[in-house]
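Encoded as structure tokens, the structure appears first; notes follow it.
Quick note: numbers below take in every heavy atom, side chains included, and nothing from hydrogens, waters or symmetry partners.
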Amino acid sequence: MLQVVQVKLRESGRIAYCQLSHSDVKSGDYVIVEVDKKLDYGQVLSELETVLEADADRERLRKIVRVASDSDMKKIEENRKDAREVFNVCAQKISEKKLSMKLIDAEYSFDRSRLIFYFTSEGRIDFRDLVKELADRFKARIELRQIGVRDEARMLGGLGCCGRGLCCASFLQDFEPVTIKMAKEQNLPLNPNKISGVCGRLMCCLSYEYETYRELLKDLPKEGDLISTKEGKGKVVGINAIKRSVTIELEEGRRIEIPYGPGHSCVRVSPNNGR
């Protein structure tokens, strides 16, 4: 059995599972983590979890070396301050070289062996000269990482339309595929402004209840199916998966909402084979 917690590496890093060497770590703590045989830092986002060794992904599992001490936190804060300065330097050099890239963030690793820059761009960028100049000036290994708009939203943070902090910036470990079909299955309006996040992509939360809706819709009729009820035959014009009900337009044009399933009198007469 392994004791693990979720840790957000640095300020802009990904969320990763980390193994505890001791059990006095709690959510909100800053910790020193071993990454690629070097020291880095992160913040604990979850309570302690226990997992089977067979279920743990050893290649992705990091190790928590210690809870950050006062001196560690002082060093982290100094790194943050210096990173803001190097961000401005890099942004100026990008402008001077007229590179078509948008600088998003910069950060030092805990031991300052690496200086990482995140940027977005519509295409490939030849930044070899930029890397060389930055390495000469800051005496550290320079990493320029091209990211997508979803990663940009994760780093910058913000509020979703629900009023809560962005899922990607708070607890999501990886971006799962989100499709327009998920919105259709949940009977959501297909208005891009209503189902897109601040990144401009479909909201990650569309996937949270998708499988539940698929299960609830399995034995329900589809829109366009003909239904026989006590009040006559009609066509299905609406479905409510949560209430397990359907809205039917009767032959005379009147619409009624009735429960559907075992124990109810409505019967599907013919399916809509066009769907």
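Without hydrogens or angle criteria, Asp225 side chain to Lys222 main chain gives a donor-acceptor distance under 3.5 Å. Judged by distance alone, the side chain of Gln146 and the main-chain N or O of Ser121 form a donor-acceptor pair under 3.5 Å. A donor-acceptor pair under 3.5 Å is formed between the side chain of Ser207 and the backbone N or O of Cys204. A distance-only check finds a donor-acceptor pair linking the side chain of Ser46 to the backbone of Gln6 [under 3.5 Å]. Side-chain atoms of Lys139 come within 3.5 Å of backbone N or O of Asp136 as a donor-acceptor pair. Although no hydrogens or angles enter the test, the distance criterion places a donor-acceptor pair under 3.5 Å between the side chain of Gln186 and the main chain of Leu206.
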Determine all donor-acceptor pairs shorter than 3.5 Å in which one atom belongs to a side chain in residues 86-94; sequence neighbours excluded.
from: Asn88; atom 1: ND2; to: Arg84; atom 2: O; distance (Å): 3.3
from: Gln92; atom 1: NE2; to: Glu96; atom 2: OE2; distance (Å): 3.2
from: Lys93; atom 1: NZ; to: Glu133; atom 2: OE1; distance (Å): 3.1

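For the atom pair OH (Tyr210) and CD (Glu176), the distance works out to 13.5 Å, reported to the nearest 0.5 Å. Between atom CD1 of residue Ile239 and atom CG of residue Leu216 there is a gap of 12.0 Å, rounded to the nearest 0.5 Å. Atom CD of Glu152 is separated from atom CD1 of Ile104 by 3.5 Å, given to the nearest 0.5 angstrom. Taking CG of Leu172 as the start and CZ of Arg150 as the end, the distance is 8.5 Å to the nearest 0.5 Å. Interatomic distance, Gln43 CD to Ile76 CD1, rounded to the nearest 0.5 Å: 9.5 Å. Interatomic distance, Arg164 CZ to Ser170 OG, rounded to the nearest 0.5 Å: 8.0 Å.
Inter-residue side-chain proximity for Asp72 and Ile32 is flagged as met; some heavy-atom pair is nearer than 4.5 Å. A heavy-atom distance below 4.5 Å is not found between the side chains of Tyr108 and Tyr41. In this structure the side chain of Leu217 reaches within 4.5 angstrom of the side chain of Glu185, judged on heavy atoms. Residues Cys167 and Met203 have side chains not in contact (no heavy-atom distance under 4.5 Å, counting atoms from C-beta outward). Using a 4.5 Å heavy-atom threshold, the side chains of Val31 and Val7 count as touching. Contact annotation: the side chain of Thr247 never approaches that of Ile256 to less than 4.5 Å [non-hydrogen atoms, C-beta and beyond]. The closest side-chain heavy-atom distance from Val4 to Cys18 is not below 4.5 Å. Under the 4.5 Å side-chain criterion, counting only non-hydrogen atoms from C-beta, Leu115 is not in contact with Leu134.
Tested against Arg128 for a side-chain contact (heavy atoms from CB on, under 4.5 Å), the candidates Val131, Asp126, Leu130, Ile125 yield a single pass: Asp126. The side-chain hydrogen bond (donor to acceptor under 3.5 Å, both in side chains) test with Glu107 is passed by exactly one of Arg10, Arg114, Arg80: Arg10.
The two residues Thr179 and Leu202 come nearest to each other via the heavy atoms C-CD1, 3.5 Å. Of all heavy-atom pairs spanning Ala16 and Leu9, the tightest one is CB-CD1, 4.4 Å. Here the shortest heavy-atom pairing between Ser196 and Pro192 reads OG-O, 2.7 Å. Residues Ala83 and Ala106 approach most closely at CB-O, 3.4 Å, considering heavy atoms. Residue Cys168 comes nearest to Ala153 through the heavy atom pair SG-C, 4.1 Å, listed as atom of the first residue, atom of the second, then distance. In this structure, Ala68 and Met73 approach most closely via the heavy-atom pair CB-SD, 3.8 Å.
Ion pair Glu211/Arg214 flagged as a salt bridge, since at least one NZ, NE, NH1 or NH2 atom sits closer than 4.0 Å to an Asp/Glu carboxylate oxygen. Taking 4.0 Å as the cut-off between side-chain N and carboxylate O, Glu77 and Lys74 do not count as a salt-bridged pair. Between Asp151 and Arg145, none of the side-chain N atoms (NZ, or NE/NH1/NH2) sits under 4.0 Å from a carboxylate O, so this pair counts as no salt bridge. Ionic pairing of Lys243 and Glu257 is present here: one or more N-O contacts between side-chain nitrogen and carboxylate oxygen are shorter than 4.0 angstrom. The residues Lys235 and Glu251 are annotated as not salt-bridged, no charged nitrogen and carboxylate oxygen being separated by less than 4.0 angstrom. Taking a cutoff of 4.0 Å between a charged side-chain nitrogen and a carboxylate oxygen, Arg112 and Asp82 qualify as a salt bridge. A salt bridge is defined here as a Lys NZ or Arg NE, NH1 or NH2 lying under 4.0 Å from an Asp or Glu carboxylate O, and Lys26 with Asp29 meets this definition.
Under the rule for a ring pair (Phe, Tyr, Trp, His ring centres under 6.0 Å), Tyr118 has no partner lying at least two apart in sequence or in another chain.
Within a 6.0 Å radius of CD in Glu252, more than 12 heavy atoms belonging to other residues, nucleotides or ligands are found. Annotation: Lys102, atom NZ; neighbour count of heavy atoms from other residues, nucleotides and ligands within 6.0 Å does not exceed 12.
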Item to complete: Dump the intermediate steps for salt bridge (Lys or Arg N to Asp or Glu O under 4.0 Å) on Lys81 and Glu78, then the final yes or no.
Response: CA-CA 5 Å; Lys81 180 180 178 181; Glu78 289 174 352; over 6 Å; no

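Using cut-offs of 30° and 60° on the angle between ring planes, the pair Phe171 and Tyr208 is tilted.
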